[in-house]
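Read through the structure below, which is laid out as structure tokens, and then see the notes.
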Amino acid sequence: MKQIREAWKTAVAAGIADILREKGLDAGMATSSAIVSETPPKPDMGDIGFPMFAWSKPLRMGPPQIALLLADKLAAADTPAGTPKAIGPYLNVFLDRVSTSAEVMASVAGEGYGKSSSLAGTRIMIEFSSPNTNKPLHLGHLRNDVLGESTSRILKENGAEVLKINLVNDRGVHICKSMLSYMAYGGGRTPEDEGKKPDHFVGDYYVKFNDLKKADPQAEEKAQEMLVKWEASDPEVMDLWKRMNEWAVGGIRKTYERTGISFDKYYFESQIYLTGKEEVLKGLENGAFFKAEDGSVRIDLSPLGLEEKVLLRKDGTSIYMTQDIGLAIHRHHDWPFDRLVYVVANEQQYHFKVLFHILERLGYEWARNLFHLSYGMVNLPEGRMKTREGTVVDADALLESLKEIALEEIQAKGREEAMGDAAEIAEKIALGAVHYYLAQATPSKDMVFNPKDSLSFNGDTGPYIQYMGARISSLLRKRDKGEGKAPGGTVRPELLAGDAEWELVRRVAQYPEVVEQAGSEYNPALVAAHMYDLASAFSRYYHDNPILNCEDADTAASRLALVAAVRTVLVNGLGLLCIPFLEAM
RNA sequence: GCGUUCGUAGCUCAGCUGGAUAGAGCGACGGACUUCGAAUCCGUAGGUCGGGGGUUCGACUCCCUCCGGACGCACCA
């Protein structure tokens, strides 16, 4: 589809250049990159649209006249297969359906439909999730995770070499709080003793710190003192810290396994929180930074229209920013990347703006290719999630409850026997529900997560798309068993040129362009939207047209091939979105 | 107060980078199972795109301003 589009752009450019020359004007401006193409709003208006407005001024003609003239020119010229037609101020192309269908079907049948080489040779590091080791993952992390994982997969699909990394926040005063609390109330018990998932076990003590504060007014200070001991590698503190961290990280990894999230490399703040100091001092030497009167090292951010920012305290200790400077440089040393993507909530926009500026100021070439994939908050229908009010949605509990509801639904429909392991399917439906819901929203915007809506099997949801995939799979299973009219039939592209079939062919054909755009914009929501469009187009087609049982063998074989192509796109696209594809549900 | 950002149908979201009558889903109302699984499909109602200016042949999209929400504005991470 992209090649076809590009070919037509070139043809249109040549046509415009012709007209320019005839008018004695400079034809140089009519390059194919100057030609805007779009998709007409309705299929009966054609397959590719070229608006003529922009040429109105140089040609001193009305757009409709240009379109007419151009249509004539192209009709006489050597163009790709298809028919150009002037429709108002647009020159629309009606593709040759038979040859296009044949081409599309052939390319879907090949390996890895949707892969492109648009990012070939690019090394991209992407950081996401970044959990704290004092509590389990919550709904906000799930959005982060699905964005990070999907974006990684989409970048890879476009040919990039991707390294997924997780920066675990395993140090700091908040970690000490759960440790203190455990010392007070834990009694040496382990997660196994209580039969709890270990990250929840740790998280519960973090919450209990509130009780401790009431019981011991010195609790906050004690946490600070413990942090000092930790930094001094006090053996007792380190011992407990290691034990609790293992619990927390172990539990969090279980959740990643469950949701299909993975990392190529883990970084732990405890190991790198001191880095960055040298780089800041280097920057001080070469004049990027300056020493303030109080002895702290700072940067002047007036080029950004901001105030100054401290990078090293007057006592020489480092801060969050220092650490991130060091870490970025360190990472580039570990794995020289062309781009680095940080999937971090939008509350840290200022931080990254400054960080990127600092790294550029330090003269790193790659600093211009750092990207903050900033995403909005996940709110609930009742409002914002608040830690203090206990309204934070726990990731594990959410998945569990969605799974249960899905299972009940399966039982209510009496589908258990038809699908083998009902619990496993229910789990995959729950995952599909959450991941689709989170991936479908534009990343940068805040969103409302409604658990009930996400699981609704009607409408724009993950389970709906999974269902359509299952229905196609069911048809194909039947074909393979020799049911229906297809046996002995031949796939013939001319049987895929009707309006109904063409609707599906077009959407299948558009998929690779969608993946490419999603990659260049770091936006999985584009893929999600296309999955829904395709699934619902299939559903309509399926409702209106017999597939397995249609009149003759050739038609049945052709339609089954078309529907199989739809299935391939669903399999590939859902894969990019971390949504399990289901053969039956 | 300053900065960033968002405001599209009752609700949740799209809107192809400035173009063809602003689109979906949910909810509401009304329809469709003797035929490939109805977890489905079809139809109806519902919008002065937060308000007001401006740029443009053309603005939901760009600029200004006001209103409203979110998030930032640490020598915390």
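Note that the structure is predicted; figures quoted are calculated from it, not measured. Chain letters run A, B, ... following the sequence lines, proteins first and then strands; every chain starts at 1. Both backbone and side-chain heavy atoms feed into the values below; hydrogens, waters and symmetry mates do not.
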For [X], answer base if it contacts any base atom (sugar-phosphate contacts may also be present), sugar-phosphate if it contacts only those atoms, and nothing otherwise; contact means non-hydrogen atoms under 4.0 Å.
| X | value |
| --- | --- |
| A:Q510 | nothing |
| A:P40 | base |
| A:E269 | sugar-phosphate |
| A:N92 | base |
| A:D324 | nothing |
| A:Q440 | sugar-phosphate |
| A:Y437 | sugar-phosphate |
| A:N450 | nothing |
| A:A525 | nothing |
| A:K353 | nothing |
| A:E38 | base |
| A:M585 | base |
| A:P463 | nothing |
| A:P51 | nothing |

Tell me the interatomic distance from [X], atom [atom1], to [N], atom [atom2], rounded to whole angstroms.
| X | N | atom1 | atom2 | result |
| --- | --- | --- | --- | --- |
| A:M468 | B:C41 | CE | C1' | 9 Å |
| A:M321 | B:C75 | CE | P | 10 Å |
| A:Y273 | B:A77 | OH | P | 11 Å |
| A:I87 | B:A20 | CD1 | P | 14 Å |
| A:Q349 | B:A70 | CD | C1' | 11 Å |
| A:K309 | B:G72 | NZ | P | 14 Å |
| A:H351 | B:C71 | NE2 | P | 19 Å |

If you draw the axis of the six-membered ring of A:F94, does the NZ or CZ of A:K85 fall within 45° of it and under 6.0 Å from the ring centre?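 Yes, A:K85 and A:F94 form such a contact.
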- Query: Distance under 6.0 Å and angle within 45° of the ring axis: does A:R171 meet both against A:Y273?
  - Reply: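 Pair A:R171/A:Y273 counts as cation-pi.
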Choosing from [options], which nucleotide comes nearest the side chain of [X]?
| X | options | answer |
| --- | --- | --- |
| A:F53 | B:A39, B:C57, B:C36 | B:C57 |
| A:R298 | B:A77, B:C75, B:G25 | B:C75 |
| A:Q323 | B:A20, B:C75, B:A77 | B:A77 |
| A:K413 | B:A39, B:U12, B:G25 | B:A39 |
| A:T442 | B:U4, B:G15, B:A77 | B:G15 |
| A:I319 | B:G25, B:A77, B:A38 | B:A77 |
| A:A470 | B:C71, B:A77, B:G37 | B:G37 |
| A:N169 | B:A77, B:U17, B:A39 | B:A77 |

*Kindly indicate whether the side chain of A:E308, heavy atoms from C-beta on, has any atom under 4.5 Å from the side chain of A:D300.*
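The answer is no, as the side chains (C-beta and beyond) never meet within the 4.5 Å cut-off.
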- For residues A:D170 and A:W241, determine if any side-chain heavy atom of one lies less than 4.5 Å from a side-chain heavy atom of the other.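 Heavy-atom side-chain distance check passes, below 4.5 Å.
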Syn-anti status, with the boundary at 90° from 0, for the nucleotide B:U8: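 Nucleotide B:U8 adopts anti.
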Note to self: Taking syn as a glycosidic torsion within 90° of 0 and anything else as anti, which one is B:C60?
What the structure shows: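 It is anti.
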A:K413/A:E409 ion pair, N-O < 4.0 Å |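 Here A:K413 pairs with A:E409 in a salt bridge, since their nearest N and O are under 4.0 Å apart.
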Would you call A:K403-A:E424 a salt bridge at under 4.0 Å N-O?
->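 A:E424 and A:K403: not salt-bridged.
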Taking atom [atom1] in both [N] and [M], compute the distance separating them and give it to the nearest angstrom.
| N | M | atom1 | answer |
| --- | --- | --- | --- |
| B:G25 | B:G15 | C1' | 15 Å |
| B:C42 | B:G69 | C1' | 38 Å |
| B:G18 | B:A59 | C1' | 7 Å |
| B:C49 | B:C60 | P | 7 Å |
| B:A24 | B:C64 | P | 34 Å |
| B:C62 | B:U8 | P | 15 Å |
| B:C29 | B:U34 | P | 24 Å |
| B:U17 | B:G72 | P | 33 Å |

Think [X] has a side-chain N or O under 4.0 angstrom from the OP1 or OP2 of [N]?
| X | N | value |
| --- | --- | --- |
| A:R471 | B:A38 | yes |
| A:R540 | B:C42 | yes |
| A:K445 | B:G7 | yes |
| A:K485 | B:C36 | no |
| A:S474 | B:C36 | no |
| A:Y464 | B:C41 | yes |
| A:S539 | B:C41 | yes |

Q.
Between A:S456 and A:Y541, which residue's closest nucleotide on RNA chain B lies nearer the 5′ terminus?
A.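 The residue closer to the strand's 5' end, by nearest nucleotide, is A:S456.
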5' precedence on RNA chain B between A:L306 and A:M45 (nearest-nucleotide basis):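 Checking each residue's closest nucleotide, the 5'-ward one belongs to A:L306.
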Please state whether the rings of A:H138 and A:H141 are parallel, tilted or perpendicular, taking 30° and 60° as the class boundaries.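 Plane angle between 30° and 60°, so tilted.
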| request: Indicate, with yes or no, if the rings of A:Y320 and A:H351 have centres closer together than 6.0 Å. | output: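 So the answer is yes for these two rings.
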Item checked: Centroid-centroid distance, A:F371 to A:F356, less than 6.0 Å ->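 No, too far apart.
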Check your understanding: Using centres under 5.5 Å plus planes under 30 degrees as the test, is A:Y350 stacked with B:U4?
Key ->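 Whether judged by distance or by angle, A:Y350 falls short somewhere, so it does not stack on the base of B:U4.
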Fill in: Candidate pair A:F457 and A:Y467, rule ring-ring contact (aromatic ring centres under 6.0 Å, His included), full reasoning
CA-CA 8 Å; A:F457 299 134; A:Y467 177 64; 8.8 Å; no
Practice item. Test A:F449 against A:Y437 for ring-ring contact (aromatic ring centres under 6.0 Å, His included), laying out the working first. Key: CA-CA 8 Å; A:F449 181 85; A:Y437 204 98; 5.0 Å; yes
Would you kindly say whether A:S129 and A:N144 are connected by a side-chain donor-acceptor distance under 3.5 Å?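 There is no such pair (donor and acceptor under 3.5 Å, judged by atom type) between the side chains of A:S129 and A:N144.
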Only stems of 3 or more consecutive Watson-Crick or G-U pairs count here, both distances under 3.5 Å; name the ones for RNA chain B, or none.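 Stem segments, range with range: B:1-7 with B:67-73, B:10-13 with B:23-26, B:28-32 with B:40-44, B:50-54 with B:62-66.
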